[in-house]
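Worth saying up front: this structure is predicted, and the values here are computed from it rather than measured. In listed order, ligands and their atoms are each counted from 1.
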Amino acid sequence: MPYIEHDPTNTNTFKHYLLHSKRILALCGAGLSASSGLATFRGAGGLWRTHDAMSLATPQAFVKDPSLVWQFYSARRQAAFSAKPNAAHLALAALSVKNKNFITVTQNVDGLSPRAGHPPEQLFPVHGSLSTIKCASVFCSYTEYNNFNMALTPALAPSRVSGDGESEQPLTPHVDLPHCPKCGVGMMRPGVVWFGESLPNDLVGSIDDWIDQARVDLCLVIGTTGQVWPAAGYIGACQAKGARVAVINMEIDDDPNLGGVHTADWLFKGDCAEILPDILQ
Ligand code: BV8
Ligand code: ZN
């Protein structure tokens, strides 16, 4: 058990410290949207049909089987666009309206934080968004914002992309997958950051500048295993600038290794949609 000078589950000491905190960073993961009904990666080992979600979130998977990857992402688009922000999204949005020195780094691509009213200038979606689709051709930069809860092509209709059960759907012929309206050559792909792809330089640069510019008082680690890099590294980076760390997670180890950081000052176990509205008020 790491050295903790107080009871790590004590919300009063947290609320007292929060009152005196100015610069706060929240790192959020799939657990933030769990109460909105969206599946988590479960330690980046989540299952969709019989596939490990992580194995589908790679450029290699898209090259090998764009039909399967598009069925996976179409199902996630439909789920995300039908879901509603939960009380945790709303609590973070409210805090960012109240405190302009609070930023949220989200690993989620579901778009629920912006829909909860989180000011965009204080929200950093470092893994992209299901609402963006872009041309997969390296020679074309076409990108489209598309958050319509409708199939991108008839072949990707809801009935064809369900993740339920173990049955595979017939694979969609490549010609029936979304293609680029600009170059007419490239296939469209989800505008998310896949494993092995770099995070958007502009977002990473802004977050690094925000952390470097002054002491950080508090880092909230919400609904994430903290095992996916380089996002997980923000926990240690904030701690190195003086931040105390509060972990809000359904499963809490005694000595959570989050982004290589073991010394959390507060450990709140439970549903973040219940905990955050209480501790952030
Ligand atoms: C990169 C978008 C450079 C797609 C995702 C060190 C440095 C740099 C890279 C690496 C490194 N070490 C390893 C790597 C490679 C890799 C990586 O981190 N691998 C891991 C698995 C070891 N990183 C990368 O590839 C990154 N790119 O670094 O570029 C580069 C370039 C070339 C070669 C090498 C490096 C890109 C990573 C981004 C991948 N894209 N998402 C999509 O969504 O489809 S990651 C995806 O998985 C999610 O975005 C998320 O980040 C991750 C899942 O993690 P969590 O969010 O934590 O979710 P999970 O389901 O795992 O856990 C849920 C948690 O919530 C649990 O703790 C659960 O208990 C809790 N919970 C559940 N319900 C609730 C709850 N908590 C509270 N309330 C609840 N109700
Ligand atoms: Zn194109």
Side chain to side chain donor-acceptor pair (under 3.5 Å), paired with Asn86, selected from Ser35, Ser36, Ser33: Ser36
Donor-acceptor contact below 3.5 Å, side chain Trp266 vs main chain Ile248: no
Part of Cys272 within contact of ligand 1 (heavy atoms, under 4.0 Å): both
Ligand-residue contact atoms, ligand 1 with Gly29, heavy atoms, under 4.0 Å: 56 (O)
Heavy-atom closest contact (Ala80 atom, Arg115 atom, distance): O-NH1, 3.1 Å
Asp271, portion touching ligand 1 at heavy-atom distance under 4.0 Å: both
Region of Met54 that comes within reach of ligand 1 [heavy atoms, distance under 4.0 Å]: side chain
Numbered atoms of ligand 1 (with element) below 4.0 Å of Gly270, judged on heavy atoms: 77 (C), 78 (N)
Val245 and its side-chain contact (heavy atoms from CB on, under 4.5 Å) partner, picked from Leu220, Leu267, Ile235: Ile235
Heavy-atom proximity to atom 69 (O) of ligand 1, best of Thr58, Asn249, Asp110, Thr40: Asn249
is_close_aromatic(Phe62, Trp194), centroid dist under 6.0 Å: yes
From the candidates Val193, Leu258, Val247, the one that places a heavy atom nearest atom 2 (C) of ligand 1: Val193
Minimum-distance pair of heavy atoms, taken over all atoms of Leu280 and Lys98: O-NZ, 4.2 Å
Per-atom contacts, ligand 1 versus Trp194 - under 4.0 Å to a heavy atom: 36 (C), 39 (C)
Contact partition for Arg76 relative to ligand 1, non-hydrogen atoms under 4.0 Å: side chain
Which of the ligand 1 atoms, numbered from 1, are nearer than 4.0 Å to a heavy atom of Pro230: 28 (O)
Tyr73: numbered ligand 1 atoms lying under 4.0 Å from its heavy atoms: 4 (C), 42 (C), 44 (O)
